[in-house]
A.B. asks: 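Sharing a structure below in structure tokens format, with a few things to ask.
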Amino acid sequence: MTLSFLKWLKFNFTNTQTRLLLILTIVVFMIIIAVGMTTYYSAKSVLQQELSEPQHQMLRISMNDIDEVIRESDQIAVKIALNNYVYKFLASEVQGSYHNVTELVQFLETLTSSTSYIKSAYIYDVERESMVAFPQGYSSSKVNFPDSGWVGVAAELDDRPMLVKRREIAAGSGIPASQITLYRKIMLAGQLKGIIAINFKTDQMFKHMLLSSVSDLDNHRFILDAENKPLYDLGNYPVGEEAVEQVLATLEGEKLGEFKHEGQLLLASQTMSPYTGWRYLSIISQESLLSNAQNIRNIVFFVSLLALAAGAATIAFYNRAAFKPVKRMRQLLSGYDRHRISPELIDLEKITGQLLTDHAQQAINLRQTLPEASSKFLTDIYAGHMTGYREMGEKWNRYFKEWSDSPLTVAMLSIDNYHAWCERFKKSDQSLLKFAIANILAELLSGEWRLIPADLGRDRLIIMLQPLELGREMDASTSIGEALRMIPKLLKFQVSAGVSEDQGGLKELQQAMQQADSALGFRLYRGYEQVIRFEDISGHEEPGRGEENELMTQLTETIEAGSGEEAIRLIDKTLNRMKSEQWHPSSAISFLESVAETLERIRMKRDPEACGFRVSGLRTMNLESAWSLLRNEAEALAAWYDSMQLRKDYIVCQTMIAFMNDHLEDPVSIQDIAEHAGIGSSLASQLFKQEMNDTILGYFTKLRMDRACELLLETDYRISEIASMVGYQHENSFIRVYRKTKDITPGKYREMMRARRDSLLES
């Protein structure tokens, strides 16, 4: 009990009549309120239970029916992706073949007509930007196709196999303005070749939402997508977007919740689809159901108020004179947090001092956290964690109040030869060195630029810049280049940068980041400590290449044959081609990493416990450094295999391996393998373990399981037939060994890989 409260009690209890009236008033008031509220909330709880369960069950039934529609549609999309006519449409050089297009349109018509909820189906060729669709037919260009505004959805698909979303169709297309569409990628040889779009008939798709309610109460039901945007709604009780947002904030993941909107008492229930991520929401008006209970509650509350008012009126005169200064001060300080100001406090000096202290502390905290929040804002946009312009705009206005409407420029900085840098400096010093880079740039550029740096992890930093002087044309790449030349002098290592074009504002910030990232990739050709502008490389087109798999095979065979000179010749040949054709950096780096991964696989065959070199480090090297690393590794591996081929023991092991490959389906024993090599079983086991770091039986089993994987993917043989083809007489024995080796049963492996054919092609 505070001192001020004691003063208040002393003041009111000095008069005997006032003291008695105050006590009786409070007791009567509390009793009446307790009886009324207990009656009301008991009735309310029972009615809510009776209402919520049927509504929730209806939502789940609707959700399951709609999920089944989407699953069936996704299976249709998979059939389209695996169809031979689709492959010909995407892969053939002459795409507009009348026969193939006609067959493909008929195939789409058959699949579309087989269901009542699919309106149309499109196939989009990403490379040629052509379309084939039912019922529209074939179009050689997306420009001529009436509904092509969705083709940029490939970036949203990313690693997801399937995406369902609502989209707006351009005016004049002859189709309603809103459309729900299912998208699925088509991958050929590990590359995105096309996109399938299946358009739903909205009324048919959501017809299960038209189930009658178990009650005649006013209600409304919604389906919201993963971003809580409305997809579909129906009901006889009008509910706006503001009410839906209030419901979602109130529920916070709970199954049932109550809230009040525009004077109406509403009950909400929800369920979430684990398949689509959609939210199914039901909102019911409780006014008619609770009207009698509310009337009783209101009457009881009114009576209690009368009792309280009668007692309060008696002592109001005494309190008015004593607390008038306090009330006046609280009115003056009404802009502050009212919960921090107790109405019983009489010590005005204490109240004011506390408020001033809190205000000063909040100002200090804001100044300290603003740079960190600004950096995290850039990091979230770059990582794709923040895509809504509303959220971005709110945080922009909060963190960048001092920034003007002048154009923005983004620079992507990267430490050259990052892994060599990591080996050179201690891990405890690395974060300090990256912090030093940001400080150097801030110190050198702050006189002419506003800038915010953000650490993206590993080798990268991102910097957003804006000229301090309005209307003055300035070149960000020149200023950054001058700053980067100071880093080797001060920190003893080099940094390169990619610089975007000037962008208009916040909405183009993500585009600026992509431009800076793309420009930085050309470090591969231009070398270290370079500042590369996007406008200098924006016209660079990526040439096609189809020799990667063939080169990987030739490189593996050459190294394992011990021919180091031939391996170097193959690598140098591709290097010269890469330089002459000026491959796009993304393709060149991808190819370099493929070569590195091939060398890594060869190294692991030689010594499974060896430590390989870091493939990801190639992205921060120039072309000469990366190629020198790969050439040295290839030459070392070839020399090792060359020395191994001169050894008699190695030749004997290769003879046994060749015999195993020729007799995968035969019941071959270790003795048979040893006799073929011309040595005894005991000696054969000893030599094989020494040279191949595995037992004869273990190696033979791996060869059989690898062959079984190929048959499971490439043929339709039964499991029992495949077991016989890899040397197992009993299907159960084969399944047991396969599961022990691959950590999955043959049937599940075939089902998983066929359902994810795109992922299989990428691997």
Side-chain angles (χ1 to χ4, degrees), residues 375 378-379 382-383 411-445 451 453-463 477 479-499 516-517 519-532 571 575 578 585-586 588-600 603-604 607 609-637:
S375 297
L378 296 182
T379 304
Y382 179 79
M412 186 72 66
L413 276 63
S414 172
I415 299 170
D416 295 329
N417 202 348
Y418 175 68
H419 286 304
W421 180 83
C422 290
E423 294 174 357
R424 179 182 171 190
F425 297 101
K426 296 179 181 179
K427 189 172 183 179
S428 58
D429 296 335
Q430 292 173 9
S431 59
L432 293 177
L433 290 172
K434 292 184 70 176
F435 183 72
I437 295 174
N439 281 347
I440 291 172
L441 291 169
E443 184 69 23
L444 296 177
L445 301 180
L451 74 158
D455 188 351
L456 301 180
R458 294 180 61 81
D459 61 292
R460 299 206 164 192
L461 295 92
I462 192 171
I463 296 179
S477 59
S479 300
I480 292 174
E482 295 174 354
L484 291 188
R485 283 192 287 273
M486 293 297 298
I487 292 177
K489 299 178 181 179
L490 299 175
L491 304 179
K492 308 305 179 185
F493 59 85
Q494 296 173 313
V495 175
S496 294
V499 182
D517 208 354
L520 180 60
F522 279 82
R523 168 176 52 187
L524 184 70
Y525 297 114
R526 300 195 179 186
Y528 298 146
E529 199 179 347
Q530 298 293 320
V531 177
I532 306 165
I571 294 177
L575 171 62
M578 190 181 296
S586 60
I589 292 173
S590 176
F591 183 80
L592 291 173
E593 291 179 346
S594 297
V595 174
E597 289 169 357
T598 299
L599 296 176
E600 183 68 7
R603 175 192 284 268
M604 296 302 292
D607 184 3
E609 298 182 358
C611 297
F613 52 89
R614 298 172 176 173
V615 175
S616 60
L618 296 173
R619 294 181 178 270
T620 60
M621 295 182 181
N622 60 22
L623 188 56
E624 297 298 335
S625 299
W627 212 259
S628 176
L629 176 66
L630 298 177
R631 290 174 82 253
N632 293 338
E633 181 68 14
E635 192 171 18
L637 289 172

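Please read all numbers here as calculations on a predicted model, not as lab measurements. Positions are given from 1, in the same order as the sequence printed here.
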A.B. asks: State, to 0.1 Å, how close Thr620 and Ser414 come at their nearest heavy-atom pair, and which atoms those are.
C.D. replies: CG2-OG, 4.0 Å
A.B. asks: Which of parallel (below 30°), tilted (30 to 60°) and perpendicular (above 60°) describes Tyr418 and Trp421?
C.D. replies: parallel
A.B. asks: Could you give me the CA-CA distance, side-chain angles and deciding distance for Ile440 and Leu491, then say whether side-chain contact (heavy atoms from CB on, under 4.5 Å) is met?
C.D. replies: CA-CA 10 Å; Ile440 291 172; Leu491 304 179; 3.9 Å; yes
A.B. asks: Decide yes or no for Thr379 and Leu456: does some side-chain heavy atom of the first lie under 4.5 Å from some side-chain heavy atom of the second?
C.D. replies: yes
A.B. asks: So, for Ile480 and Ala497, which heavy atoms are closest and what is the spacing to 0.1 Å?
C.D. replies: CG2-CB, 4.2 Å
A.B. asks: Kindly give the heavy-atom pair with the smallest separation between Gly498 and Ala516, and that separation in Å.
C.D. replies: O-CB, 3.4 Å
A.B. asks: For residues 484-498, which residue pairs qualify under salt bridge (charged side-chain N to carboxylate O under 4.0 Å, His left out), counting only residues two or more places apart or in two chains?
C.D. replies: none
A.B. asks: Taking side-chain contact (heavy atoms from CB on, under 4.5 Å) as the test, write out the residues that go with Ser375, two or more places apart.
C.D. replies: Ile452, Ala454
A.B. asks: My understanding is that only residues two or more places apart in sequence, or in another chain, count here; which of them pass salt bridge (charged side-chain N to carboxylate O under 4.0 Å, His left out) with Asp429?
C.D. replies: none
A.B. asks: Please assess Gln430 against Arg424 for the test side-chain contact (heavy atoms from CB on, under 4.5 Å), listing each intermediate value before the final yes or no.
C.D. replies: CA-CA 10 Å; Gln430 292 173 9; Arg424 179 182 171 190; over 6 Å; no
A.B. asks: Of all residues at least two apart in sequence or in a different chain, which pass the side-chain hydrogen bond (donor to acceptor under 3.5 Å, both in side chains) check with Tyr382?
C.D. replies: Asp517
A.B. asks: Between Glu443 and Leu441 (side chain of the first, backbone of the second, donor and acceptor by atom type, cut-off under 3.5 Å), is there such a pair?
C.D. replies: no
A.B. asks: What's the separation between atom CG in Leu433 and atom CD1 in Ile487, rounded to the nearest 0.5 Å?
C.D. replies: 10.5 Å
A.B. asks: So how far is it from Ile437 CD1 to Leu484 CG, rounded to the nearest 0.5 Å?
C.D. replies: 9.0 Å
A.B. asks: What heavy-atom pair brings Asp416 and Ser496 nearest, and what distance separates the two atoms?
C.D. replies: OD1-OG, 2.8 Å
A.B. asks: Mind checking side-chain hydrogen bond (donor to acceptor under 3.5 Å, both in side chains) for Gln494 and listing every partner two or more places apart, or none if nothing turns up?
C.D. replies: Glu529
A.B. asks: Which heavy atom of Ile415 sits nearest a heavy atom of Lys434, and at what distance?
C.D. replies: CD1-CG, 4.2 Å
A.B. asks: Nearest 0.5 angstrom please: Glu423 CD to Asn417 CG, how far?
C.D. replies: 8.5 Å
A.B. asks: Which heavy atom of Leu444 sits nearest to which heavy atom of Ala483, and what is that distance?
C.D. replies: CD1-CA, 3.7 Å
A.B. asks: Run the salt bridge (charged side-chain N to carboxylate O under 4.0 Å, His left out) test against Asp459 and tell me which residues pass, sequence neighbours left out.
C.D. replies: none
